[in-house]
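We're numbering straight along the sequence, starting at 1. When reading the values below, keep in mind they use all heavy atoms of this one structure, side chains included, and skip hydrogens, waters and symmetry mates. These numbers were taken from a predicted model, which means no experiment stands behind them. Order of listing sets the numbers, starting from 1, for every ligand and every atom in it.
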Amino acid sequence: MKTPEAVCQVLDHALVHHKIARLRAETTPPSEFKTLLEDLSILLFYEATRRLPTSNCVVKTPLMEAEGQKLKQAVLLVPVLRAGLGMSNGISRVFPEALVGMIGMYRDHNTLIPVDYYLRLPDRLSDKSVFLLDPMLATGGSAISAIDKLKNRGAASITMLAIISAPEGIAALHKAHPDAAVFTAAKDKQLNESGYILPGLGDAGDRYFGV
Ligand code: PRP
Ligand code: URA
């Protein structure tokens with residue numbers, strides 16, 4: 001069986017490092033935070049889709065036929081509300097044909113256990129490449145619960161994209177769902193006693209939406 005490190009790919013790219021540093025800074029205003037979170041989501045999606053299965057196709061240019069490739073499966077983005085919406089907003093700009101489902105949940109502040117409040121997914125997920133989007137992978141509770149829901153609908157290809165991940169969350173997610181791949185832009189040090197990622201960026205939803 002693969003180790004958590006093997007299934008979790010941490011992006012190592014100068015542009016990603018630059019944008020993550022700006023995203024973390026408490027002086028970064030909400031307008032810039034939005035753009036940075038969306039940009040980083042696009043960069044994560046770009047890397048995570050590198051090896052999606054394709055089939056050959058032929059298209060006609062205005063001049064002649066050209067050989068090409070098309071994705072074999074539909075892509076489904078599933079943001080975890082609220083902050084995941086920022087990620088689907090960004091990715092949809094570069095890949096507007098992606099379908100978008102949604103999972104609404106928030107962490108109870110005392111127990112840190114996710115509380116469900118919304119679910120909208122296509123009926124059949126077995127024939128789709130599913131990307132679960134949440135900027136913060138902290139204890140892993142939200143991601144594990146979200147992937148449970150995706151698997152209940154038959155999802156077989158699940159990749160989680162997280163901007164910042166804690167080692168605790170990566171390990172918990174891998175233990176619960178060893179078949180789910182994870183791409184993250186930063187693996188941080190640890191969680192604090194309130195379940196926040198250190199050094200992290202604070203509350204992603206509050207910073208993206210301003211409330
Ligand atoms: C944040 C974040 C994740 C969750 C991660 O959402 O966007 O969904 O916490 O924590 P976990 O890995 O410990 O489950 P939050 O619950 O703050 O909801 P919000 O986006 O509505 O503010
Ligand atoms: N959710 C956040 O928004 N930030 C954290 O650090 C942990 C969970």
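- At least one heavy atom of Gly140 sits closer than 4.0 Å to an atom of ligand 1.
- The cationic group of Arg107 lies under 6.0 Å from the six-membered ring centre of Tyr196 and within 45° of the ring axis, placing it in a cation-pi geometry.
- When the heavy-atom distances from atom 10 (O) of ligand 1 to Met105, Arg107, His109 are ranked, the shortest goes to Arg107.
- With hydrogens left out, the protein atom closest to atom 17 (O) of ligand 1 is Asp203 OD2, 4.0 Å, a heavy atom.
- The side-chain heavy atoms of Leu76 and Val100, taken from C-beta on, include no pair separated by under 4.5 Å.
- Distance alone, capped at 3.5 Å, is enough to place a donor-acceptor pair between the Arg207 side chain and the Leu23 backbone.
- Contacts between Asp134 and ligand 1 below 4.0 angstrom, taking non-hydrogen atoms only, involve the side chain exclusively.
- Atom 13 (O) of ligand 1 has as its closest protein heavy atom Thr139 OG1, 2.6 Å.
- Distance alone, capped at 3.5 Å, is enough to place a donor-acceptor pair between the Ser41 side chain and the Leu37 backbone.
- In this structure the side chain of Gln190 never reaches within 4.5 angstrom of the side chain of Ile197, judged on heavy atoms.
- Of the possible donor and acceptor atoms, one in the side chain of Thr184 sits under 3.5 Å from a partner among the backbone N and O of Ile163.
- Within the 4.5 Å cutoff, the side chain of Leu198 has no heavy atoms near those of the Leu191 side chain.
- When atom types are taken as modelled, the side chain of Asp188 and the backbone of Ser165 share no donor-acceptor pair closer than 3.5 angstrom.
- Residues Ser88 and Leu85 approach most closely at OG-O, 3.1 Å, considering heavy atoms.
- Side chain of Thr49 to main chain of Leu52: no donor-acceptor pair is present (N/O by atom type, distance under 3.5 Å, no hydrogens or angles).
- The protein non-hydrogen atom at the shortest distance from atom 14 (O) of ligand 1 is Ser142 OG, 2.6 Å.
- Inside a 4.0 Å radius of atom 4 (C) of ligand 1 there is at least one protein heavy atom.
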Within the protein, flag every N or O under 3.5 Å from an N or O of ligand 2, and note the pair and distance.
{"unit_1": "ligand 2", "atom_1": "3 (O)", "unit_2": "Ala204", "atom_2": "N", "d": "2.8"}
{"unit_1": "ligand 2", "atom_1": "4 (N)", "unit_2": "Gly202", "atom_2": "O", "d": "2.8"}
{"unit_1": "ligand 2", "atom_1": "6 (O)", "unit_2": "Ile197", "atom_2": "N", "d": "2.8"}

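- For Arg153 (side chain) and Leu121 (main-chain N/O), a donor-acceptor pair under 3.5 Å exists by modelled atom type.
- Atoms of ligand 1 found under 4.0 Å from any heavy atom of Ala83 (numbered from 1 in listed order, with element): 7 (O), 20 (O).
- Remark: minimum distance from atom 20 (O) of ligand 1 to any protein heavy atom is reached at Arg82 N, 3.2 Å.
- When heavy-atom distances to ligand 1 are checked against a 4.0 Å cut-off, Ala138 comes that close through both its backbone and its side chain.
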